[in-house]
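Just so we're clear, the structure is a prediction, and the values are computed from it rather than from any experiment.
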Amino acid sequence: MFEFATYEGAMSYFAQLNYVGQNNCIFYATTAVSTKSLMFGAVGALAAGAARAANNRDWAGYLLNVNEMGFGILPLENTKNFNVKLEFLSPRFDQFVYVPYHQLVSVTVKKYTLGSQIKRVIIEIANAPKFDLLVQPKENKLPYQEGCFKAFCDFYGQK
């Protein structure tokens with residue numbers, strides 16, 4: 001079992017970063033791939049990946065903790081080649097990003113594609129590259145995902 005499989009395990013990651021608030025909303029996300037870039041096949045996906053890597057947004061996943069202090073975004077690195085699974089993800093504490101509320105430009109939650117349960121979360125930050133993320137509202141291996149992400153969507157609006 002991997003450490004962030006439980007809410008307590010995920011909280012222990014954020015405790016190591018001194019980023020635990022009174023009301024912690026923790027959920028897992030991956031980096032979104034633009035549907036426009038997919039229209040251009042492998043070359044478009046490669047170009048989109050290069051742009052994400054240049055902005056330090058090309059991690060296998062992220063663990064987010066949204067609380068009264070702001071947004072805490074912990075990148076997760078894949079420890080296996082080509083096979084991205086939750087149990088193969090390891091936190092990159094040295095790449096943790098803290099975004100206080102006064103630096104947020106906007107937070108948008110919307111459906112990724114028609115008929116999909118996946119949500120797209122766009123976090124725009126003043127004077128920094130945005131986070132363009134995909135969130136599966138229910139992750140079987142993360143029992144806290146559904147409740148925490150629902151609370152997040154209830155606050156930021158669901159489209």
Practice item. Can you establish whether the number of heavy atoms outside Phe93 located under 6.0 Å from its atom CZ is more than 12? Key: yes
Check your understanding: Any link between Ile122 and Tyr156 through a network of hydrophobic side chains (Ile, Leu, Val, Met, Phe, Trp, Tyr) touching at under 4.5 Å?
Key -> no
Practice item. Check whether any side-chain heavy atom of Val135 lies under 4.5 Å from a side-chain heavy atom of Gln145, and answer yes or no. Key: yes
Practice item. Tell me whether Tyr13 is reachable from Leu17 by hopping between hydrophobic residues (I, L, V, M, F, W, Y) whose side-chain heavy atoms are closer than 4.5 Å. Key: yes
Exercise for review: Spell out, yes or no, whether Leu86 and Tyr7 are grouped together once hydrophobic residues are joined by side-chain heavy atoms under 4.5 Å, including indirect joins.
Suggested key: yes
Check your understanding: In Å and rounded to the nearest 0.5 Å, what is the OG1 to CG distance from Thr30 to Leu133?
Key -> 7.5 Å
Point to revise | Neighbour count >12 (heavy atoms, 6.0 Å) for atom CG, Asn127 | key: no
Review point. Between Asn67 and Tyr19, does any side-chain donor sit less than 3.5 Å from a side-chain acceptor?
Key: yes
Review point. Within a strict 4.5 Å, meaning less than it, do heavy atoms of the Ile123 and Leu104 side chains meet?
Key: yes
Practice item. Group every Ile, Leu, Val, Met, Phe, Trp and Tyr by side-chain heavy-atom contacts under 4.5 Å, then state whether Met69 and Val105 land in the same group. Key: no
Study note, to complete from the structure: Ile118 and Pro137 have their tightest heavy-atom pair at CA-CD, 4.2 Å
Study note, to complete from the structure: Separation between CE (Met11) and CD (Glu3), nearest 0.5 Å, reads 14.5 Å
Review point. CD of Gln117: more than 12 outside heavy atoms within 6.0 angstrom?
Key: no
Exercise for review: Please check if the side chain of Gln22 supplies one atom and the backbone of Glu68 the other of a donor-acceptor pair under 3.5 Å.
Suggested key: no
Check your understanding: Of all heavy-atom pairs between Pro91 and Leu74, which one has the smallest distance, and what is that distance?
Key -> CB-CD2, 3.8 Å
Practice item. Considering non-hydrogen atoms only, spot the tightest contact between Gly9 and Ser12 and give its length. Key: O-OG, 2.5 Å
Review point. Atom CH2 in Trp59, atom CG in Asn78: separation rounded to 0.5 Å?
Key: 11.5 Å
Point to revise | From CA spacing to verdict: side chain to side chain contact (heavy atoms under 4.5 Å, CB included), Phe155, Cys25 | key: CA-CA 11 Å; Phe155 188 78; Cys25 183; over 6 Å; no
Check your understanding: Atom OH of Tyr98 and atom CG of Asn18: how far apart are they, to the nearest 0.5 Å?
Key -> 12.5 Å
**Study point:** For the student: nearest non-hydrogen atoms of Tyr144 and Ala10, plus distance
**Key:** OH-CB, 3.7 Å
Check your understanding: Does a side chain donor of either Glu124 or Ser106 reach within less than 3.5 Å of an acceptor in the other side chain?
Key -> yes
**Study point:** Between Phe4 and Phe2, ring centroids under 6.0 Å
**Key:** yes
Practice item. Measure the spacing between CZ of Phe27 and CG of Leu63 and express it to the nearest 0.5 Å. Key: 9.0 Å
Practice item. Supply the atom-to-atom distance Arg120 CZ to Lys111 NZ, rounded to the nearest 0.5 angstrom. Key: 15.5 Å
Study note, to complete from the structure: salt bridge (charged side-chain N to carboxylate O under 4.0 Å, His left out) pairs touching residues 135-150, sequence neighbours excluded, are Glu87-Lys141, Lys150-Asp154
Practice item. Assess the pair Phe131 and Phe71: is the distance between their ring centroids shorter than 6.0 Å? Key: no
Check your understanding: What class does the angle between the rings of Phe149 and Phe152 fall in, given that below 30° is parallel, 30 to 60° is tilted and above 60° is perpendicular?
Key -> parallel
